[in-house]
Amino acid sequence: MENWTTWPAREALSRVGVPLRRQVMGWVVRLALVGLVLWGVVRDGVLHGWGFGALAVGFAVCVVGIRVYYVTTLAQRLWPSLGVLVVLYGVGAGAELAAVRTPAIVLWCLCAIIGMERLPMLAGLAVAVVGMGSYALVATDEPLVIALTAVGLPVMGYALRLDEEARGAGFRLLAQERAARRAEAESAALTERARIAREIHDVLAHSLSAQMVHLEAARLLIERGEDRQRILERVVAARSMAREGLAETRQALSALRGEMSRVEEFLRESAASEGARLEVAGEPRDLPAEAGLAVRRVAQEALTNVRKHAPGARVEMRFTYLEREVELWIRDGGGRLKSGDLGVSGAGYGLLGMRERAELLGGTLEAGPAGPEQEGFVVHLRVPA
């Protein structure tokens, strides 16, 4: 029953998205109907004098009534729409009583068509029955012609209804697609902002942690009354770390844009600056930005931890290109500081953050003692690439 009492969609009732050719065709049909009415009046030859004035008034009422009908149906207001059709049927009945049959028939047929086109099906059928019944009562054509007209015009109105419903559905799908694209673009922008924020956070966390190491060392030297030159060296080193942090922030943004060198080149530079031994295996290839950044950040964090917890220890690094992954393995030679020494100056969240980064990429990060028979600390990263 719901299908019989449901209005056509608002997109179908409106003219939004109607092609220009369709609009031109609609005006051609309207002008043809007006011409048909005028021709019928002239042919009947029943109007004289004031009769033409009455015809003009009736024509104006019909034009205004049809316009109001389109507005009330667009607002999906049933009773005002039916009221307008009653007025139009009344104008047709007045024309029939005045023996002006052609305008009456055209008006009734038009009401039947637009009723089926724009009203709920149950109301549209009722309007069509009244209009086609009125036509059948006054028509003088052959019974077969009357029957075909009485059935064909409501079917034409229903066909127009289906066509406009299809257009409205297409318009709704287009609007939904545009909304989905906007939502996708907004989601991509938020994801990009989150990724940039994460990169900057990791860079600053690494840089500030390194600065804390040197500043804590400077504090200990001051408390012990050490030589001024040694204290100055630590402060200068902290300043250098601050500069490096700014440079790394710029590098992170460049990496997100795909503008950085390959990972193995970065690892070679880092290994050389720390006196570590680096081995690269596998066929080199370009890595996705996030995978490359993950390798860089883990290497930086691991080397910072060596400086912090095991200064002077021997460091071995191995970077391997696998079939669908890359692997980074870093081990120091032990000699880690005890609790209460300089090593406690960090927050302790660096490797935890790196593990979360690896998991977000679908990879793994393991960090812990090298084993019962080996000294030192091992960091092992694997990420898809």
**Q.** Full working for salt bridge (charged side-chain N to carboxylate O under 4.0 Å, His left out) between E11 and R167
**A.** CA-CA 8 Å; E11 294 83 1; R167 177 180 55 81; over 6 Å; no
Q.
Walk me through whether R318 and E279 qualify under salt bridge (charged side-chain N to carboxylate O under 4.0 Å, His left out).
A. CA-CA 5 Å; R318 183 172 66 245; E279 176 186 350; 5.1 Å; no
Q.
Test salt bridge (charged side-chain N to carboxylate O under 4.0 Å, His left out) on R277 and E316; report intermediate values, then the result.
A. CA-CA 5 Å; R277 186 172 68 88; E316 297 179 357; 3.8 Å; yes
Q: Take E184 and R181 through the test salt bridge (charged side-chain N to carboxylate O under 4.0 Å, His left out) and record every step on the way to the result.
A: CA-CA 5 Å; E184 184 179 353; R181 288 181 179 178; over 6 Å; no
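Closest approach of V84 to G65, counting heavy atoms only: CG1-O, 3.0 Å. Minimum interatomic distance between P8 and E165 (heavy atoms only, all atoms of both residues): CA-OE2, 3.2 Å. Contact record, A112 with A128: CB-CA, 3.9 Å, taken as the closest heavy-atom pair. Residue I330 comes nearest to A299 through the heavy atom pair CD1-CA, 3.8 Å, listed as atom of the first residue, atom of the second, then distance. Taking every heavy atom of both residues into account, Y135 and W108 meet most closely at N-CE3, 3.8 Å.
Without hydrogens or angle criteria, R10 side chain to L74 main chain gives a donor-acceptor distance under 3.5 Å. Panel note: side chain R118, backbone Y69; no donor-acceptor pair is recorded below 3.5 Å. Under a 3.5 Å cut-off, the side chain of R161 and the backbone N or O of L119 do form a donor-acceptor pair. At distances below 3.5 Å, at least one donor-acceptor pair connects side-chain atoms of T72 with backbone N or O atoms of V68.
If you chain together hydrophobic residues whose side chains sit under 4.5 Å apart, V106 and V64 fall into the same group. Cluster membership for L78 and I114, using ILVMFWY side-chain heavy atoms within less than 4.5 angstrom, is shared.
Between the side chains of E264 and Y321, at least one donor-acceptor pair of N or O atoms lies under 3.5 Å.
In the displayed structure, R230 atom CZ is contacted under 6.0 Å by at most 12 heavy atoms of other residues, nucleotides or ligands. The 12-atom threshold is not exceeded at OH of Y158, counting heavy atoms of other residues, nucleotides or ligands nearer than 6.0 Å.
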